[in-house]
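Counting convention: from 1, in listed order, for ligands and their atoms alike. These values consider heavy atoms only, across backbone and side chains, with no hydrogens, waters or symmetry-generated copies. Model, not experiment: these values are computed from the prediction.
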Amino acid sequence: MKPVNIVMVGHVDHGKSTLIGRLLYDTNSLPEEKIKEIEETCKALGRDIEFAYITDALEEERENNITIDTTQIFFKSKRDYVIVDAPGHKEFLKNMVTGASYADIGVLIVDAEEGIKEQTKRHAYILKILGIEKIIVVVNKMDKVNYSEKRFLEIKETIEEYLSSIGLIATYIPVSAYYGDNVAKKSGKMEWYLGDTFLEVLDKIKIERKEFDFRFAIQDIYKGIYLGNIMSGEIKEGEEVKVYPSNKAVKINEIFYGNKKLKEARAPLSVGLVFDGEINAERGDIICKSEPKIKKEIEAIVLCLVDEIREGEKYKFLCATQEIEGIVEKIVEKIDVETLERKYDEKLKENEIGKVKISLEKPIVMEDFNSLPELGRFAIAKEGKLIAGGRI
Ligand code: GDP
């Protein structure tokens, strides 16, 4: 079984690092030396073990060792989990929006004392546009509000109101990440809470990975082998497929996974394909078994990451390995994530979200985001710089 991917979001200082550190500690997911080292550092500073240090220490290690995957932290409960993005990580939004990282479950952390903040809403909205439907709201730092049920319910109500207005449903848990209440162990201080601990909630969430027809994006061609990623579906040796946009039908002669020859392969997997005859395809072409959706005009939700997206300007649009020039014809509306008001603007600035009409110079293969995220989202670049991400 592939590990379940989790993304942790929430306003700065609401306790993301601490919750991750606590999780790793309580699930014994850290090497003993690491724990000793952290305990000693904390002792030397004359304080209790600071769980945020664990996350920071891991982060530092990753930064010092460029060969390690930069954004993943593993832990184990009834199944394996990966935290696909570290809190405060500068690349967080970029990775999520462009699909460099993918999450099955979104955890939104809110400080029980401070309550809902601008970033809380923004992050919730982003979970929504990324299509993450399994949401856990951790109301953290319950120790700072005397483990008060009233305060928990107040916060729950406010967040619930916001989430339901954007079409999200969540599970709410009162937690103290610092003291470990309701993270892996049931708290003795919140008798009024009859629900599951954070870890139990995680373990119970059903992950359904949607199936979709065979789609393969050509990344590279090497000595007649077409290298790329099977984004969805499966393929067998000898099967007939079609190359888009050329519409050419071909037969698959061989499937390679590294040096190994496979009779069949299924998503997600990077493989090399050898065809029966010349197919004249190039990087960016998409190979399918069923008819794909091909578009030149797209309407999408766009999140601007840096600089701005301006009506009438030319950009490069990147979807899987496809790279196509196009124009932002119209910014239909800009969405205020706090009030959910929508109004027209000729541009989207950093952090702004809007609905946008794009017209492309050449047709692009794109599927509905909800059916196949890999072909339903795209990045927007200008002069080689990534500026925004979008989904149709
Ligand atoms: P992040 O910015 O969301 O990653 O937040 P951190 O995990 O770095 O936490 C910010 C501060 O809040 C740190 O000083 C933590 O020790 C503190 N903190 C985190 N969780 C709790 C908690 O459950 N109770 C208390 N009292 N403090 C906490």
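For the ligand labelled ligand 1, residue Gly10 lies outside the 4.0 Å heavy-atom shell.
Of the residues listed (Glu367, Glu291, Glu374, Glu234), the one engaging Arg215 in a salt bridge (Lys or Arg N to Asp or Glu O under 4.0 Å) is Glu367, and it is the only one.
Ring geometry for Phe216 versus Phe214: interplanar angle under 30°, hence parallel rather than tilted (30 to 60°). Between Phe275 and Tyr226, the two ring planes are perpendicular [angle over 60°; tilted spans 30° to 60°].
When the side chains of ILVMFWY residues are joined at heavy-atom separations under 4.5 Å, either directly or via intervening members, Leu202 and Leu127 end up in a single hydrophobic cluster.
The ligand atoms of ligand 1 that sit less than 4.0 angstrom from a heavy atom of Asp13 are 1 (P), 2 (O), 3 (O), 5 (O), 10 (C), 12 (O).
Looking at Gly15 next to ligand 1, an N or O pair under 3.5 Å apart turns up. For ligand 1, the polar-atom distance check against Leu19 finds no nitrogen or oxygen pair separated by under 3.5 Å.
Contact annotation for Thr18 and ligand 1: heavy atoms of both the backbone and the side chain come within less than 4.0 Å of the ligand.
Relative to atom 12 (O) of ligand 1, the option among His14, Lys144, Lys141 with the closest non-hydrogen atom is Lys141.
Taken to the nearest 0.5 Å, the CG atom of Asn140 stands 11.0 Å off from the CD1 atom of Ile173.
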